[in-house]
Amino acid sequence: MPELPEVHGYKVYIDSTILHKTIISMDCRDKKLLKKAYGDFEKFLVGEQLTFTRRIGKYLFVNTTGPKVLVMHFGMTGRPSYYKEADDRPKFGHIVLAFDNDFHFAFENKRKFGWWDLIDSIADYKQDHGLSDDARELSFEDFKNSLSTRKTDIKKVLLDQSVAAGVGNWMADEILYQAKMHPQKKIENMTETDVKAVFDAMKKVIEVAIENDAHYDSFPEDFLMHFREKEGTCFHTGGPIEKIKVGGRATYFSPKWQEK
DNA sequence: TGCCATGTTAGTAT
DNA sequence: CATACTAACATGGC
């Protein structure tokens, strides 16, 4: 479930493995994962090198020595994998690049919700897809301004990639737990102090998750991740963790701790 | 066996 | 245009 911290980790991994090597071939088992024609990917990637990456939210932009930028989105079940022997292709490595050092790069995607695209400009893409600045770098001013026009539940707004790019379902629950905010709290009923509390919690959750390599088990003991599953008990109140639907998404929270 | 999960996108409705 | 709701996408895991 790659959200901002996981994709950050993927970026670090990719930066340390496949940059500055010439791509000698590409293989794609399922063309549905490609947003452009397969021939375009071959044309613009084979013979080129990947130069540097940039992450905005859950999107990873990979610059090349050619005219195009490769965009990767990992969907719900994606991850990168770098390996040597062609026989070691991962089971769900649906897209593979081969490099001139004999190593391979697989874009693993168990449930095929991830995809690749080829674009001309990151700035234009960000604009056209309504992506906000990455949540890790987002300013409080921008966050506050995005919220000011909204009237719906805070959790729905947190999941909106035009508000805080990179926040996904588990992060939204964790942020609201840390901020002591009910997921269905209406934006219009939130004070500036409330908004700041959510913003600060968002920054904290992002940094803690990145520090721990998005490894949930090593998160602090008062993080919701540890008792998010059913039968969980709130660290602070000892009360139950409840599961509801907000915006069609499974939402876990502590009713005693997170008041409306 | 059948439901659930994840993130985005598209379609429709208000 | 903003917002909201639903379905679709794919498929492993429980």
Side-chain angles (χ1 to χ4, degrees), chain A residues 1-11 28-36 55-61 70-81 90-95 106-119 122 125-132 134-136 142 145-176 183-190 202 205-206 209 214-216 224-225 227-232 241-253:
Chain A
M1 4 163 184
E3 300 183 15
L4 188 155
E6 288 94 340
V7 181
H8 170 83
Y10 298 166
K11 172 180 157 59
C28 179
R29 265 186 207 145
D30 189 337
K31 308 290 190 282
K32 284 198 196 78
L33 299 179
L34 304 178
K35 298 245 178 200
K36 298 281 192 308
R55 184 189 58 73
I56 302 176
K58 304 164 198 167
Y59 296 75
L60 190 64
F61 299 91
L70 172 64
V71 190
M72 294 183 189
H73 194 291
F74 296 90
M76 298 188 286
T77 54
R79 63 175 183 186
S81 167
K91 185 174 178 191
F92 302 107
H94 299 308
I95 307 176
F107 180 76
E108 293 188 60
N109 223 250
K110 203 185 285 185
R111 289 173 211 173
K112 297 185 177 176
F113 275 18
W115 45 259
W116 283 16
D117 200 353
L118 283 175
I119 64 168
I122 297 174
Y125 190 89
K126 179 171 182 271
Q127 176 99 34
D128 295 345
H129 289 73
L131 289 177
S132 74
D134 183 74
R136 196 180 184 195
D142 285 351
N145 288 339
S146 296
L147 264 58
S148 66
T149 57
R150 305 299 211 98
K151 294 186 169 60
T152 188
D153 305 339
I154 179 64
K155 168 148 180 185
K156 282 192 205 170
V157 176
L158 278 179
L159 288 174
D160 187 332
Q161 301 300 295
S162 71
V163 172
V167 176
N169 204 38
W170 77 253
M171 283 184 71
D173 285 358
E174 189 65 65
I175 289 164
L176 294 170
Q184 290 171 309
K185 177 109 180 176
K186 295 285 187 281
I187 302 288
E188 56 200 306
N189 297 330
M190 287 173 66
M202 176 174 82
V205 169
I206 291 169
H215 192 249
Y216 310 146
L224 178 66
M225 290 306 286
F227 19 88
R228 200 175 184 272
E229 66 283 345
K230 58 181 179 292
E231 312 292 325
I241 298 296
E242 280 189 16
K243 180 185 178 185
I244 58 174
K245 287 255 182 193
V246 178
R249 318 303 300 277
T251 298
Y252 296 84
F253 76 111

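Labels below follow one simple rule: chain letters A, B, ... track the order of the sequence lines, proteins then strands, and each chain is numbered from 1.
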Report task. Go through C/dG12, C/dA10, B/dT8 for me and flag the one nearest to the A/K32 side chain. Result -> C/dA10
Query raised in the report: Using a cut-off of 4.0 Å on non-hydrogen atoms, how would the nucleic acid contact of A/R150 be classed: base, sugar-phosphate, or nothing?
Result: sugar-phosphate
Report task. Look up atom CD1 in A/I175 and atom CH2 in A/W170, then write down how far apart they are to the nearest 0.5 Å. Result -> 8.0 Å
Report summary line: Residues of residues 162-169 of chain A with a heavy atom under 4.0 Å from any atom of DNA chain C, listed by number, are none
Query raised in the report: Would you say the side-chain atoms of A/T77 pair up with the backbone N or O of A/G75, donor to acceptor, closer than 3.5 Å?
Result: no
Query raised in the report: According to a strict under-4.0 Å criterion, is A/K245 in side-chain N/O contact with OP1 or OP2 of B/dA5?
Result: yes
Query raised in the report: Between residues 107-114 of chain A and DNA chain B, which residues have a heavy-atom gap below 4.0 Å?
Result: A/R111, A/F113
Query raised in the report: Hey, mind stepping through A/R79 and A/E108 against salt bridge (charged side-chain N to carboxylate O under 4.0 Å, His left out) and telling me if it holds?
Result: CA-CA 5 Å; A/R79 63 175 183 186; A/E108 293 188 60; 3.3 Å; yes
Report task. Would you indicate what A/F74 reaches in the nucleic acid, counting non-hydrogen atoms under 4.0 angstrom: base, sugar-phosphate, or nothing? Result -> nothing
Report task. Under 4.0 Å between any heavy atoms, over every strand shown, what does A/K156 touch: base, sugar-phosphate, or nothing? Just pick one. Result -> sugar-phosphate
Report task. Please check the phosphate of B/dG7 (OP1 and OP2 only) for any side-chain N or O of A/Q161 closer than 4.0 Å. Result -> no
Query raised in the report: Looking for any heavy atom pair under 4.0 Å, which part of the strands does A/K91 touch: base, sugar-phosphate only, or nothing?
Result: nothing
Requested in this report: Please step through side chain to side chain contact (heavy atoms under 4.5 Å, CB included) for the pair A/I154 and A/I187, ending with a clear verdict.
Outcome: CA-CA 6 Å; A/I154 179 64; A/I187 302 288; 3.7 Å; yes
Requested in this report: For A/T149 and for A/G248, find the nucleotide of DNA chain C with the closest heavy atom, then tell me which residue's nucleotide is more 5'.
Outcome: A/T149
Query raised in the report: Which nucleotide in the set B/dT9, B/dA5, C/dA4 lies at the smallest distance from any side-chain heavy atom of A/T152?
Result: C/dA4
